[in-house]
Amino acid sequence: MYEGRTAATPGIVFGHENLGIVEDVGAGVTAVHRGDRVVMPFNVACGFCKNCLAGNTAFCLTVNPGFAGGAYGYVAMGPYPGGQAEYLRVPFADFNCLLLPPGTEHEADFALLADIFPTGYHGCELADVRPGESVAVYGAGPVGLMAAYSALLRGADRVFVVDRVPERLAKAQQIGAIPVNFEQGDPAEEIRAQTNQEGTDKGVDAVGYQAQARTGSGEEPAAVLNMLIETVRPTGALGVPGLYVPADPGAPDEHARHGQLLVSVGKLFEKGLRVGTGQANVKRYNRQLRDLIIAGRATPSFVVSHTIPLAQAPGAYQKFDQRIDGYTKVILEPVAV
Ligand SMILES: NC(=O)c1ccc[n+]([C@@H]2O[C@H](COP(=O)([O-])OP(=O)(O)OC[C@H]3O[C@@H](n4cnc5c(N)ncnc54)[C@H](O)[C@@H]3O)[C@@H](O)[C@H]2O)c1
Ligand SMILES: [Zn+2]
């Protein structure tokens, strides 16, 4: 949206990762009260449709007619302004608010429950990461780091994290993952070399369609899917929380502009790999991940690089967009008016 590759127009209020204090509640709200500290899944969901009842709240059938799934501040994801603002309206608040302990403790950890911690966890769930398995995570952005962290929480024995941004690879190493710089060699070859030529048991794509080609020639939307197919061992599984879109006017070729990518399906079949993808059903995991934070067993805020007032957001967006100055994850603090 920031790069102008969607139908978003100026005036859109961004912000799908929201934590705050309840200022007021509507007549239909019973479980949430003024003064409560709450964090909202980025998914806006009803709680009673077929998909919500099955736990697939990222694909709610109620909140965005004609489309399965809603989100705050997202073009095509429904009429819900985002939270990079002083106030946020939360529909179906009883269902969408996760209560947090009062006070300000763990604020940065809890803020990450809105999206990236559950999304990284979802990547591992889609790949069915189990104790004692090896995992390759492509992308050391916020989602990739959270996927690696979640893989370790789930008991993975070795987690490789592939990227090229030094500060991000350093964060991966800091949590006990093995960094692999894709500009210094073929990451699939490198990871196979470190796994007896077998490949990892599981893989997570935390990059999506804006994947960079290894050759430095710019975007190559299918690059990470194809690298994962090379990296994961036969009969393994891929979790793909990285975003792919049905239309992208900024894509490098005509097929990709219509969401069609050249993926090595033959190799995928030959290796008997399973693939799971889609938006994360945040509500499926956020309560449990909150309790891990409260218990001191998870501290996802290690990804947060900056905390700044909302007024400084434009400059931070620029730097984040260029992946410079260590802008990994930024917390914006609006001042209540
Ligand atoms: N499924 C969901 O619910 C969900 C939720 C949040 C984000 N996402 C998606 O997850 C993806 C990652 O999000 P993010 O915030 O971490 O983004 P990000 O852009 O900050 O991180 C992506 C990282 O991938 C790296 N990268 C680029 N090409 C690569 C390659 N070929 N191999 C390895 N690494 C490569 C980049 O250097 C960057 O550090 C995005 O596509 C985002 O839209 C999905
Ligand atoms: Zn629903």
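Just so it is clear, the values below take in all heavy atoms, side chains as well, and ignore hydrogens, waters and symmetry mates. Numbers here are sequence positions counted from 1. Every number for a ligand or one of its atoms is a count from 1 in the order of the listing.
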Engineer: Looking only at distances, can you tell me whether any N or O atom of Tyr138, backbone or side chain, sits closer than 3.5 Å to an N or O atom of ligand 1?
Structural biologist: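 By distance alone, the answer is no.
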Engineer: Would you say ligand 1 has an N or O under 3.5 Å from any N or O of Val207?
Structural biologist: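 Right, the criterion is met.
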Engineer: Please identify which of these residues, Thr231, Val180, Ile178, Val162, meets the side chain to side chain contact (heavy atoms under 4.5 Å, CB included) condition with Glu190.
Structural biologist: Val180
Engineer: Does a donor on one side chain sit under 3.5 Å from an acceptor on the other, for Thr57 and Asn51?
Structural biologist: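 Note: Thr57 and Asn51 side chains miss the donor-acceptor criterion.
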Engineer: What verdict does the ring pair (Phe, Tyr, Trp, His ring centres under 6.0 Å) test give for Phe302 and Tyr149, after you've listed the backbone C-alpha separation in whole Å, the side-chain angles of each residue and the deciding distance to 0.1 Å?
Structural biologist: CA-CA 10 Å; Phe302 74 89; Tyr149 193 62; 5.1 Å; yes
Engineer: Going by distance only, is there an N or O of Gln210 that falls short of 3.5 Å from an N or O of ligand 1?
Structural biologist: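 The answer is no, given that Gln210 and ligand 1 share no N or O pair closer than 3.5 Å.
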Engineer: Just jot down the ligand 1 atoms closer than 4.0 angstrom to any heavy atom of Val162, in number order.
Structural biologist: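 Atoms satisfying the 4.0 Å criterion: 33 (C), 34 (N).
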Engineer: Output side-chain donor-acceptor pairs under 3.5 Å for residues 102-112, partner residues at least two apart or in another chain, one line each.
Structural biologist:
unit_1 : atom_1 : unit_2 : atom_2 : d
His106 : ND1    : Asp109 : OD2    : 3.2
Asp109 : OD1    : Ser301 : N      : 2.8
Asp109 : OD1    : Ser301 : OG     : 2.7

Engineer: Can you tell me which portion of Thr119 lies within the under-4.0 Å heavy-atom range of ligand 1? Options are side chain, backbone, both, or neither.
Structural biologist: side chain
Engineer: Angle at the Zn ion (ligand 2): provide the value between SG of Cys52 and SG of Cys60, rounding to 10 degrees.
Structural biologist: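 With the Zn ion (ligand 2) as the vertex, SG (Cys52) and SG (Cys60) sit 110° apart.
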Engineer: Under 4.0 Å from ligand 1, counting heavy atoms only, is it the side chain of Ile116, its backbone, both or neither?
Structural biologist: neither
Engineer: Are any of the side-chain nitrogens in Lys319 or Glu167 under 4.0 Å away from the carboxylate oxygens of its partner?
Structural biologist: no
Engineer: Any idea which part of Val165 is under 4.0 Å from ligand 1, heavy-atom wise: side chain, backbone, both or neither?
Structural biologist: side chain
Engineer: Just checking, is any N or O donor in the side chain of Gln318 or Gln322 under 3.5 Å from an acceptor N or O on the other one?
Structural biologist: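 No pair is found: no donor N or O on one side chain lies under 3.5 Å from an acceptor on the other.
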Engineer: Tell me which one of Ala280, Pro241, Gly208 gets a heavy atom nearest to atom 9 (C) of ligand 1.
Structural biologist: Pro241
Engineer: Among Phe182, Tyr209, Tyr244, Tyr327, which one has a heavy atom closest to atom 30 (C) of ligand 1?
Structural biologist: Phe182
Engineer: Is it true that Gln84 and Tyr317 share a donor-acceptor pair across their side chains at a distance under 3.5 Å?
Structural biologist: yes
Engineer: On a heavy-atom basis, I'd like to know which of Thr328, Val143, Asp321 is closest to atom 7 (C) of ligand 1.
Structural biologist: Val143
Engineer: Heavy atom to atom 31 (N) of ligand 1, shortest distance: which of Glu183, Gln212, Glu167, Glu220 holds it?
Structural biologist: Gln212
Engineer: Verify the neighbour count for atom CG of Leu262: are there more than 12 heavy atoms of other residues, nucleotides or ligands below 6.0 Å?
Structural biologist: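 Counting other residues, nucleotides and ligands, CG of Leu262 stays at 12 neighbours or fewer.
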Engineer: State whether the shortest distance between N or O atoms of Arg164 and N or O atoms of ligand 1 falls below 3.5 angstrom.
Structural biologist: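 Checking ligand 1 against Arg164, no N or O pair falls under 3.5 Å apart.
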Engineer: Yes or no: does Ala213 have any heavy atom under 4.0 Å from an atom of ligand 1?
Structural biologist: no
Engineer: Any idea which of Ala223, Gly144, Ala206, Ala140 brings a heavy atom closest to atom 22 (C) of ligand 1?
Structural biologist: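 It is Ala206 that holds the nearest heavy atom.
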Engineer: If you count the atoms of ligand 1 from 1 in the order shown, which ones are under 4.0 Å from a heavy atom of Pro142?
Structural biologist: 14 (P), 15 (O), 16 (O), 20 (O)
Engineer: Give the intermediate values and the outcome of ring pair (Phe, Tyr, Trp, His ring centres under 6.0 Å) for residues Tyr72 and His16.
Structural biologist: CA-CA 5 Å; Tyr72 303 95; His16 58 278; 8.9 Å; no
Engineer: For residues Asp128 and Lys202, determine if any side-chain heavy atom of one lies less than 4.5 Å from a side-chain heavy atom of the other.
Structural biologist: yes
